[in-house]
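Quick note: residue numbers are just sequence positions, from 1.
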Amino acid sequence: MATAHWLFGDQLGPHFLAPGAEGPDRDTPVVMIEARSVFRRRRFHRAKAHLILSAMRHRAAELGDRVRYIRCDTYREGLLRAVDDGPVTVHHPTSHAALRLVRSLDTVTVLPARGFLVPHADFRAWADGHDGRSLRPEDFYRWVRRGHHLLMDGDTPAGGRWNHDHDNREPPPKGARTLGAPAPYRPRENTVDEEVRHDLDRWERDGAVAFVGRDGPRRFPAARRAALAALRRFLQHRLAGFGPHEDAMLDADPVMGHSLLSSSLNLGLLHPAECIGGAQDAWRSGRAPINSVEGFVRQIAGWREYVWQLYWYFGDDYRHSNALHHHAPLPDWFLELDADAVTARCLATTPAQVRDTGWTHHIPRLMLLGSHALQRGLDPRAVTDWFHRCFVDGYDWVMLPNVIGMSQYADGGRMTTKPYTSAGAYVNRMSDLCGGCAYRPTERVGERACPYTAGYWAFLHRHRSRLAGNRRMAQALRGLDRLGDLDEPLRQERDRGQDPP
């Protein structure tokens, strides 16, 4: 029997079928398996389930007679139906669970991972050279830039600096409701989407699965051609203005200058090299400034690649990290994306965006949702699972380091040098979300006390002994000493508990 090649639902681009020494032949038959058990195990966002199934079915239609597309209950059942006990190859999957599955099957040969810039062995050599510690993203980013000659002029970084963050942290323009950026690419739905929506409705009616969030018109590409169109639009019309306000937030403009390419990258519809190459071309041709291009390249070649590698380097036990001993369950409003239950304007706006689209950009994720969870002591593993389920671009490899390591500081500083949380002043400076709110970012006690401001001081007090040796937290802890009314916000926050803020 001829060897078949198995494509997972996040291996949908042409680079996963490119022939070569570590890939399938050009005429190798392809297997794709749509396993409903994936959706039974977790309560995914409805828009995420729609996007994944639509993307898989679009890819199967592109492959035509070459693919055997199996709809079934489990992967094991699907593989048996597709090839019986015949030989199968598969590129290294993107989760520990999937890798355990394919390695447990005697007929399956696991090929090296595709869809990333750095091979696992290269990263391991780099990390081991740092004694497995001090694996800071800036050092990794520069190593990748040099090794792959990304945004380089000879041996020096293009534009004279490695890091243009200083130019990319501007607050939103004063008084502006939007950035006025050209609209992002929006895909058109087709009969595949109609079929997917029909199937999801039926599964829910039958009680087979349950979802959270809304499944409006699909906002993200589900096919290679659409993903390339989204990339072209970003590079031609939006990249130039992306950098300065990439950390800002506007209520009426949740997308701002962001690329919206993360779901396409994580489905495998785009390769990171083509995104970076297009951005480099935009800079060299004078169509985009270096700070915007470097910020975009950093997100892909720096952070995305770094998170992927740490997921495998740290291993599956990393998900159990809980250095701060946070065990509070996720409140119902969080689980249900019930934005109407929340009073704080910033924290009502963000769950509403997630509910309606399955997406927000990185700052609402980190400094609103993540910061709130950290201050309230929510269980980091439950927070990780929530991010995985509720974001269209969320996968285990994406969210485990991002949430455990960065957002919730649950690894005690193994990945980042400090907890990422702040008082309301940060939200006020970087957004328009404090205007018209029932709370005041400057107040930490009383009816108008900002939950982030009061929560920030309560968090520092609760973990003071652990953070005392962290030089990046020294100034914040000195501020704690200057509070003359500390007992009042501490008591207030204990009384507030997990009630909607």
Side-chain angles (χ1 to χ4, degrees), residues 15 113-171 231-232 234-248 256-259 261-262 265 270-310 313 361-363 401-402 405-406 415-418 420 471-472:
H15 43 285
R114 288 187 174 179
F116 296 89
L117 299 174
V118 179
H120 288 314
D122 291 0
F123 178 83
R124 183 164 293 278
W126 176 83
D128 289 347
H130 290 70
D131 298 322
R133 300 184 291 271
S134 302
L135 305 180
R136 299 307 177 205
E138 182 67 24
D139 296 335
F140 171 76
Y141 173 59
R142 296 185 186 191
W143 176 69
V144 174
R145 288 266 300 271
R146 290 189 186 99
H148 291 260
H149 204 72
L150 306 178
L151 273 187
M152 300 292 292
D153 283 334
D155 295 330
T156 61
R161 285 187 291 159
W162 291 103
N163 188 320
H164 290 261
D165 275 357
H166 178 74
D167 300 322
N168 291 350
R169 291 176 174 168
E170 294 184 17
L231 173 60
R232 284 194 301 270
F234 174 71
L235 294 174
Q236 293 171 10
H237 301 287
R238 295 169 55 78
L239 172 61
F242 162 69
H245 304 290
E246 66 175 284
D247 285 1
M256 304 184 78
H258 291 270
S259 71
L261 297 175
S262 56
L265 279 161
L270 294 175
H271 192 283
E274 62 191 337
C275 299
I276 293 167
Q280 289 188 114
D281 291 345
W283 176 67
R284 297 194 185 281
S285 65
R287 291 182 286 114
I290 188 62
N291 64 302
S292 288
V293 173
E294 190 276 322
F296 179 65
V297 170
R298 176 183 295 270
Q299 287 189 342
I300 298 175
W303 192 253
R304 181 177 187 269
E305 202 76 19
Y306 176 69
V307 162
W308 162 254
Q309 296 294 348
L310 287 188
Y313 188 78
H361 73 75
H362 64 286
I363 295 300
N402 265 308
M406 188 178 194
M415 180 176 171
T416 60
T417 56
K418 69 169 186 175
Y420 278 85
R471 62 181 180 81
R472 294 196 67 192

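Closest approach of A288 to A240, counting heavy atoms only: CB-CA, 4.0 Å. When all heavy atoms are compared, the tightest approach of L239 to A282 is CD2-CB, 3.9 Å. The shortest non-hydrogen separation linking G241 to S292 is C-OG, 4.2 Å. Taking both residues in full, the closest heavy atoms of Y306 and P137 are given as OH-CD, 3.4 Å, listed atom of the first, atom of the second, then distance. Looking at every heavy atom in both residues, A301 comes nearest to F140 through O-CE2, 3.8 Å. The two residues H130 and L135 come nearest to each other via the heavy atoms CB-CD2, 3.8 Å.
Looking only at side-chain heavy atoms (C-beta outward), R304 and L117 stay at 4.5 Å or farther from each other. Counting only heavy atoms from C-beta outward, the side chains of E246 and R169 never approach each other to under 4.5 Å. No side-chain heavy atom of L270 sits under 4.5 Å from any side-chain heavy atom of H15. Within the 4.5 Å cutoff, the side chain of P401 has no heavy atoms near those of the W308 side chain. Residues T417 and R136 form a side-chain contact, since some pair of their non-hydrogen atoms from C-beta on lies under 4.5 Å apart.
The closest donor-acceptor contact from the side chain of E294 to the backbone of N291 lies at 3.5 Å or more, if one exists at all. With H245 contributing its side chain and N168 its backbone, the two residues share no donor-acceptor pair below 3.5 Å. Formation of a donor-acceptor pair under 3.5 Å by the R145 side chain with backbone atoms of P157 is not found in this model. With E170 contributing its side chain and P244 its backbone, the two residues share no donor-acceptor pair below 3.5 Å. Judged by distance alone, with hydrogens and angles left aside, the side-chain atoms of H361 form a donor-acceptor pair with the main-chain N or O of A248 at under 3.5 Å.
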- Please lay out, stage by stage, how Y141 and V297 fare under the test side chain to side chain contact (heavy atoms under 4.5 Å, CB included). CA-CA 10 Å; Y141 173 59; V297 170; 4.3 Å; yes
- Task: Apply side chain to side chain donor-acceptor pair (under 3.5 Å) to R161 and H164, showing your working.
- Result: CA-CA 7 Å; R161 285 187 291 159; H164 290 261; 3.1 Å; yes
- Run the side chain to side chain donor-acceptor pair (under 3.5 Å) check on H362 and N402 step by step: do they pass? CA-CA 10 Å; H362 64 286; N402 265 308; over 6 Å; no
- Item | Trace of the side chain to side chain contact (heavy atoms under 4.5 Å, CB included) decision for M256 with I363 | CA-CA 12 Å; M256 304 184 78; I363 295 300; over 6 Å; no
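Classified by interplanar angle (parallel below 30°, tilted 30° to 60°, perpendicular above 60°), the ring pair F234/F242 is perpendicular.
Residue S285 holds its OG atom at 10.0 Å from CG of L235, rounded to the nearest 0.5 Å. The CZ atom of R471 lies 11.0 Å from the NZ atom of K418; values are rounded to the nearest 0.5 Å. Residue L261 holds its CG atom at 7.0 Å from CD1 of I300, rounded to the nearest 0.5 Å. Here R284 contributes atom CZ and I290 contributes atom CD1; the two are 8.0 Å apart, rounded to the nearest 0.5 Å. To the nearest 0.5 angstrom, L310 atom CG is 12.0 Å from M406 atom CE. Atom CH2 of W162 and atom CG of L151 lie 9.5 Å apart (nearest 0.5 Å).
Partners of D281 under the side-chain contact (heavy atoms from CB on, under 4.5 Å) rule, at least two apart in sequence or in another chain, are R287. Residues that satisfy the salt bridge (Lys or Arg N to Asp or Glu O under 4.0 Å) test with E138, not counting sequence neighbours, are R142, R298.
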Quick one: side chains of residues 118-127, donor-acceptor pairs under 3.5 Å with protein atoms, not counting sequence neighbours, listed by atom name and distance.
unit_1 : atom_1 : unit_2 : atom_2 : d
H120   : ND1    : Q309   : OE1    : 3.3

